[in-house]
Amino acid sequence: MDKATILVVDDTPENIDILVGILAEDYKVKVAIDGPRALALVAKSLPDLILLDVMMPGMNGYEVCKLLKQEPLTCHIPVIFVTALSETADETQGFELGAVDYITKPVSAPIVKARVKTHLALYDQKRLLEEQVKARTQELEDTRFEIIRRLGRAAEYKDNETGLHVVRMSHYARLLAIKLGFPSSFCDLLYNAAPMHDIGKIGTPDAVLKKPGKLDAQEWQIMQRHAAIGAEIIGEHSDPLLQMARRIALTHHEKWDGSGYPNGLVGEDIPIEGRIIAIADVFDALTSQRPYKQAWTIEATMELFENQAGKHFDPKLVEAFKQILPVVISIRDAFLEH
């Protein structure tokens, strides 16, 4: 097991020699004779613990500690002040700045060893707990995403489609968002929310959803309700992922010219995620074979997109989608039905 690294900061060489003599057998010890040098060393390689003199010329120990605690990369490093000061006010100031302990001069070897060992153990325990919490949080996040994807697949299976539809169209949507210049956080959110776009089909009667022929006016009204039903299933929630999923479910059948449903939104009144999903969803639906139809060719599908730019689809998004088409086709080929 690698030795822990201790940084000793003191402007007096004799004090440094004493602390190095006490610690060198058990730890890797680095030294600095003033605050700026200490900060430079920390910037190059993070120590596991810092023994910091208070009374130093120029930048004193309190100032060094304050700067360390202001930076995300160094704020967690335990700082023990080593000082001749013994007034309660001095100790209070140090603890308020984030120090974990004080050792008074002249130092006692057993006390230095004991304090360093104790705070390193606490620091290791804290890091272990943080890693466990991080791993557990990621596990819960992964589980949440998987549940969302599987709910999306459930809706597709009800509609005689396979779960690969939601996989493909989710990839297409993220690619389009990336092409449009959205930050990675938005693109990832879109990718994970996209599978929920047709969750409302769970509430659509099979007689309508699986009717082999053309729907009559009443049946079409029933079919159109799936957008609002999807929004109701997802519900109102503070979670950004579920908020986006709800907007997508509600608006991915809106059309640029206002002829879509359920609310007849026009142009940029349609949320951008709804406009993106509209393209990703229709592209995959048209280019996929279904029990009731053959797959369209890429050429025929893109011709329809050209004709529907400014009508069904946001024209800027159609243009961007054309530019990423080769990557879209490669994803489609990777997730073909078998």
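This chain uses plain numbering: 1 for the first residue, then up along the sequence. For clarity, every value in this text was computed on a predicted model and none was experimentally measured.
A donor-acceptor pair is defined here as one N or O able to donate and one able to accept, closer than 3.5 Å; such a pair exists between the side chain of Lys3 and the backbone of Glu25. Checking side-chain atoms of Asp284 against main-chain N and O of Ala280 turns up no donor-acceptor pair under 3.5 Å. A side-chain donor-acceptor contact under 3.5 Å links Glu254 to the backbone of Asn263. Listed for the Ser330 side chain is a donor-acceptor partner under 3.5 Å among the backbone atoms of Val327. Lys126 places no side-chain N or O within 3.5 Å of a backbone atom of Leu129 that could act as its donor or acceptor partner. Proximity of a side-chain donor or acceptor of Thr74 to a complementary backbone N or O of Leu68 within less than 3.5 Å is detected. Between the Lys69 side chain and the Ile77 main chain, a donor and an acceptor come within less than 3.5 Å of each other.
Here the NE2 atom belonging to His197 is positioned 3.5 Å from the CG atom belonging to Asp281, to the nearest 0.5 angstrom. Atom CH2 of Trp296 and atom CD of Glu303 lie 9.0 Å apart (nearest 0.5 Å). Atom CG in Asp257 sits 9.0 Å away from atom NE2 in His312 (nearest 0.5 Å). One distance of note links CE of Met59 with CG of Asp34; it measures 8.5 Å at 0.5 Å rounding.
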Item to complete: Go through Asp48 and Tyr27 one step at a time and tell me if the side chain to side chain contact (heavy atoms under 4.5 Å, CB included) criterion holds.
Response: CA-CA 10 Å; Asp48 296 293; Tyr27 306 103; over 6 Å; no

Item to complete: Begin from the C-alpha positions of Arg168 and Ser288 and carry the test side chain to side chain donor-acceptor pair (under 3.5 Å) through to its verdict.
Response: CA-CA 10 Å; Arg168 289 190 300 265; Ser288 300; 3.1 Å; yes

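Taking the ring axis of Tyr191 as reference, the NZ or CZ atom of Arg174 stays within 45° of it and closer than 6.0 Å to the ring centre.
Two residues are said to be in side-chain contact when any heavy atoms from C-beta on lie closer than 4.5 Å; Ile277 and Met169 meet this criterion.
Comment: Lys105 engages Asp53 in a salt bridge, judged by a side-chain N to carboxylate O separation of less than 4.0 angstrom.
Classification of the His253-Tyr261 ring pair by plane angle, with boundaries at 30° and 60°, yields parallel. Ring geometry, Phe305 versus Phe283: the interplanar angle exceeds 60°, so the pair is classed perpendicular (tilted spans 30 to 60°).
Within a 6.0 Å sphere centred on CZ of Arg127, other residues, nucleotides and ligands contribute more than 12 heavy atoms.
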